[in-house]
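Numbers here are sequence positions counted from 1. As a basis for the values below, the full set of heavy atoms in this structure was taken, side chains included, without hydrogen atoms, waters or symmetry mates. As the structure lists them, so they are numbered: ligands from 1, and atoms in each ligand from 1.
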Amino acid sequence: MNAATIQAFTSTLRGKVIQPGDADYDSARKVYNAMIDKRPRMIVRCADVADVIAAVNYARDQKLLLAVRGGGHNGGGLGICDDGLVIDLSTMRGIRVDPTARTVRVEGGATWGDVDHATHAFGLACPSGVISTTGVGGLTLGGGIGHLTRNFGLAIDNLLEVDMVLADGRFVRASEKENADLFWAIRGGGGNFGVVTSFMFRLHPVKNVIGGPTLWHLEQTGEVMRWYRDFIRKAPPALNGWFAFITVPPVPPFPEALHLKKVCAVVWNYSGPESEAEKVFAPIKAFGPPALYGIHAMPYPALQAAFDPLYPPGHQWYWRADFVKELSDAAIAVHAKFAAQMPTPQSTMHMYPIDGKAHAVGNADTAFSYRDANWAAVIVGVDPDPGKREAITEWTKRYWEALHPHSAGGAYVNFMMDEGQERVQATYRGNYERLAAVKQKYDPSNLFRVNQNVKPASAVPAHA
Ligand SMILES: Cc1cc2nc3c(=O)[nH]c(=O)nc-3n(C[C@H](O)[C@H](O)[C@H](O)COP(=O)(O)OP(=O)(O)OC[C@H]3O[C@@H](n4cnc5c(N)ncnc54)[C@H](O)[C@@H]3O)c2cc1C
């Protein structure tokens, strides 16, 4: 790339180009996980779809490695790359709610906090995750698991259409009616197929919810996990509850007696009729009883943002994950052992239910192939101090290695780091070949490869 070529490209843009040497280069290349330290050649902070088209064409023509950044939360740092061009969508965050049709159109760089803020004003919500700073782009394209999954399905089950820029620079719409093969693939297939410049979702009448955490002492792990696995599967879909091992933060509203204690927790969200809530929560209140029963009514965006202060950007994160069908007693024994060894206060293990409404969709109906699993589990070693990097990595790996034999095989793509092709294929299993065929059609040269990469069919042996 000579200066004239760069100049010719940048002069066509409305957005900003940031290069090594620029004052904001170091802040612009930072992603959420501080373990990731990549140095792109050029960050194109796109202002609009025209900028995205120009940047895709430029990266392709100049044979540059291309990364696409939505919210920048990806554990493996797949929203950025070394020595290539980054399409940074972080200023494309426009949102338009249609309260009559109960839909929302969201630009590709918005966060879920942006969406919650906009939809809550109309008493509506879209199923997403559990932290408001996560990007709509990456979370949705991988599936989207969160507080509303059991009641309304994954984020992709509520996706109605997308606008996309493809590898050849074409702008297309994908929905059940238009480019249906592409629409199938992007619902779980990640950023493999192009840049999504806007998403349109179906909304649900959710304004205030009843939820929060219940905590039990770590010594009760065995009985709590056994109770939880049976309880949640039979609970009404309007009740969501994800299991976690946490270290209690030393701040209100947590009682001082629990500060910095390792505990088992379930974080609940009830989005059904208020009149039923007492009956729904009665067995939860009675079990144990919990060391903390933190359930109360709150606006849905408050629950979505409740964990944001505990996990600000800039910590070290090491991730490992698996889908889980059955939580056996043998697996529970592994959990109990490693929960007691959590190496830092923010390290954690979560199990997110993916049953209820998410089970109404078949394994092959979207690219997300593990509809028959009951949980997506994730182990993350987390700490602000780079000096703890080895400790959090070691604990996560040892925990995962002991637990993996009890899992369903593959993992949720959004909870994986850069773990190689075998892991990607294990995750898409029966859907991989169809994804590779769609990839061949829309991105035959694998321009979009900074992701959990699906290789174009011509690059994959027929039996893979
Ligand atoms: C603190 C934290 C909490 C989380 N909680 C949840 C949760 O509750 N539920 C859940 O399902 N996941 C959760 N995740 C995982 C999250 O879904 C992934 O990290 C996801 O990749 C983040 O998306 P992003 O847009 O922020 O990331 P980025 O790093 O910007 O991008 C991730 C990937 O998506 C692609 N991508 C992003 N936007 C676009 C776009 N518009 N068009 C094309 N490709 C795009 C990128 O190219 C990249 O490959 C969490 C992650 C973190 C760090």
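Using a 4.0 Å heavy-atom criterion, the residues that approach ligand 1 are Tyr32, Val68, Arg69, Gly70, Gly71, Gly72, His73, Asn74, Leu78, Gly79, Leu89, Gly108, Gly129, Val130, Ile131, Thr134, Gly135, Gly137, Gly138, Leu139, Leu141, Gly144, Ile145, Gly191, Gly194, Val195, Val196, Trp317, Trp319, Tyr412, Asn414, Phe415, Val450, Asn451.
Contact check for Thr393 versus Arg320: no side-chain heavy atoms found under the 4.5 Å cut-off. For the pair Ser369/Thr427, no side-chain contact is recorded, criterion being any heavy-atom separation below 4.5 Å from C-beta on.
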Go through the steps to decide whether Asp157 and Arg371 satisfy the test salt bridge (Lys or Arg N to Asp or Glu O under 4.0 Å), and finish with yes or no.
CA-CA 12 Å; Asp157 301 336; Arg371 298 289 181 157; 2.8 Å; yes

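Looking at Lys262, its side chain does come within 3.5 Å of a backbone N or O of Met342 through a donor-acceptor pair.
A side-chain donor-acceptor contact under 3.5 Å links Asp322 and His404.
Salt bridge Arg173/Asp163: present, at least one basic N to carboxylate O contact under 4.0 Å.
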